[in-house]
Amino acid sequence: MKLSVIGVGYLGAVHAASMASLGFEVVGVDVDHAKLDALRAGKAPFYEPGFDELLAEVMPTGRLTWTDDYAAIADADVHFVCVGTPQRRGSHSADLRYVWAAVESMIPHLRPDSVVAGKSTVPVGTAAEIAERLGQSDGPVVVWNPEFLREGFAVADTLHPDRIVVGVPEGPDGLRAEQVMREVYAAQIAEGIPFLVTDRPTAELVKVAANAFLATKISFINAMAEVCEATGADVVTLADAIGHDARIGRKFLGAGVGFGGGCLPKDIRAFSARAGELGVDQALTFLRQVDDINSRRRDRAVETARELVGGSFRGRRVCVLGAAFKPDSDDVRDSPALDIAARIHNEGGEVVVHDPKALVNAESRFPALTYEPELAAALAGAEVVLVLTEWRDYRELDPLAVADVVAAPRILDGRNVLDAAAWQAAGWSFRGMGRAHG
Ligand code: UDX
């Protein structure tokens with residue numbers, strides 16, 4: 001069976017290489033030549049642990065090719081649509097221009113007996129619109145097959161996902177497409193990974209519902225952090241205690257500077273916008289609060305750091321540890337760390353940002369900040385240190401050694417990952433997010 005993957009960003013590039021590693025012949029198509037050139041050379045165009053190794057394994061087999069020529073998809077049996085669906089400028093809804101551009105480019109090359117499998121995160125109803133555009137009767141069958149991969153774990157999440165969801169249309173076409181998708185995912189099914197067949201709107205909704213739930217869980221614990229701050233309670237202990245309840249679970253109860261990235265923020269906004277179009281906006285009003293709680297955490301981090309330096313950032317050297325929206329990623333889209341760094345810079349702080357992988361992307365987004373690739377140099381002379389992305393390098397910092405290089409031992413642990421007692425014992429003024437000690 002031959003597969004095509006349209007859009008070779010995070011999702012598409014990893015999907016293409018993973019499917020090739022399972023033995024399929026795969027062609028990845030994109031209009032971005034920089035990405036294609038990197039992939040052809042066997043290099044990941046983004047930082048993703050394990051992805052370079054996967055490319056090194058599959059590129060020599062000849063089963064995986066990268067091209068900008070849509071004609072190359074003509075003999076594929078399944079076409080995975082993996083293009084981005086960013087937030088529309090000036091609105092909360094999703095911008096589907098790349099989806100439609102991909103569909104239009106595919107049309108001249110699609111065999112009627114092929115299957116188009118959408119993987120991009122889209123507003124519910126998009127699969128049906130695509131099916132309409134492709135022609136209900138003689139066009140290929142459109143199925144929806146959402147992707148749940150996390151950056152930093154993209155390869156493992158693609159090869160061994162928690163579940164596979166495929167939304168198919170009713171009737172014989174749907175049944176045929178389901179069989180094709182079962183062949184595509186035969187290895188995962190054999191592994192015992194749940195394979196759920198649904199209608200198309202349910203499959204589209206599964207993805208946004210999952211992301212909305214995860215965002216809500218994070219904002220829930222961050223709302224508790226606000227209450228902890230007002231009462232002297234400790235949100236980390238609170239999360240541990242409620243997390244022991246198996247119905248709640250400890251995962252995604254990490255209070256701190258909140259969620260960011262290319263998915264959760266824009267997906268909850270697009271989901272609310274779609275609910276509005278469908279006349280059920282009240283059902284998702286709470287997602288606006290989820291977003292608001294999330295942005296208040298960034299305000300709180302700036303306030304706490306300002307307090308630590310005595311009320312004003314003007315002329316103060318501020319060391320920001322972390323630019324990526326989470327560790328093991330070089331992605332700075334809607335990154336809380338970078339947003340906080342930029343706000344402090346705008347208040348007159350002399351901000352120096354360090355990150356093990358994301359500095360190039362951070363600098364292209366906010367060129368005005370100072371970026372320092374050496375951790376020791378970033379810390380040197382700092383009047384306050386902010387840990388805003390929980391990279392291992394930062395979790396393992398030695399408070400005594402760091403105290404020797406900074407100008408003043410003051411630290412904000414924006415991800416609640418440091419041992420407060422050890423830092424305080426080493427003479428640091430230590431603040432967390434929603435923590436009893438400050
Ligand atoms: C997310 C979903 O997890 C994934 O299933 C979906 O396909 C895409 O969106 P990703 O954006 O890679 O994946 O990151 P994720 O690990 O979910 O983290 C999202 C954000 O939440 C990060 O900024 C992270 O720092 C933050 N987070 C996560 C918290 O603030 N607290 C937590 O407890 C967990």
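Along the sequence shown, the residues carry numbers beginning at 1. Counting convention: from 1, in listed order, for ligands and their atoms alike.
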Report task. On the 0 to 90° scale, with breaks at 30° and 60°, tag the Trp423-Trp428 ring pair as parallel, tilted or perpendicular. Result -> perpendicular
Here the side-chain hydrogen bond (donor to acceptor under 3.5 Å, both in side chains) pairs for residues 13-22, sequence neighbours left out, are none
Between Ala323 and Asp355, the two heavy atoms sitting closest are N-OD2, 2.7 Å
Sorted by chain and residue number, the residues with a non-hydrogen atom under 4.0 Å of ligand 1 are Glu147, Phe148, Leu149, Arg150, Glu151, Lys207, Asn211, Leu214, Ile218, Phe252, Leu253, Gly254, Gly258, Phe259, Gly260, Cys263, Leu264, Phe325, Lys326, Arg415
Donor-acceptor contact present, side-chain Lys357 to main-chain Phe46, <3.5 Å: no
side-chain hydrogen bond (donor to acceptor under 3.5 Å, both in side chains) filter on Tyr185, not counting sequence neighbours, yields Lys119, Asn145
Residue pairs passing the salt bridge (charged side-chain N to carboxylate O under 4.0 Å, His left out) test with at least one member in residues 29-42, sequence neighbours excluded, are Asp32-Lys35, Asp37-Arg40
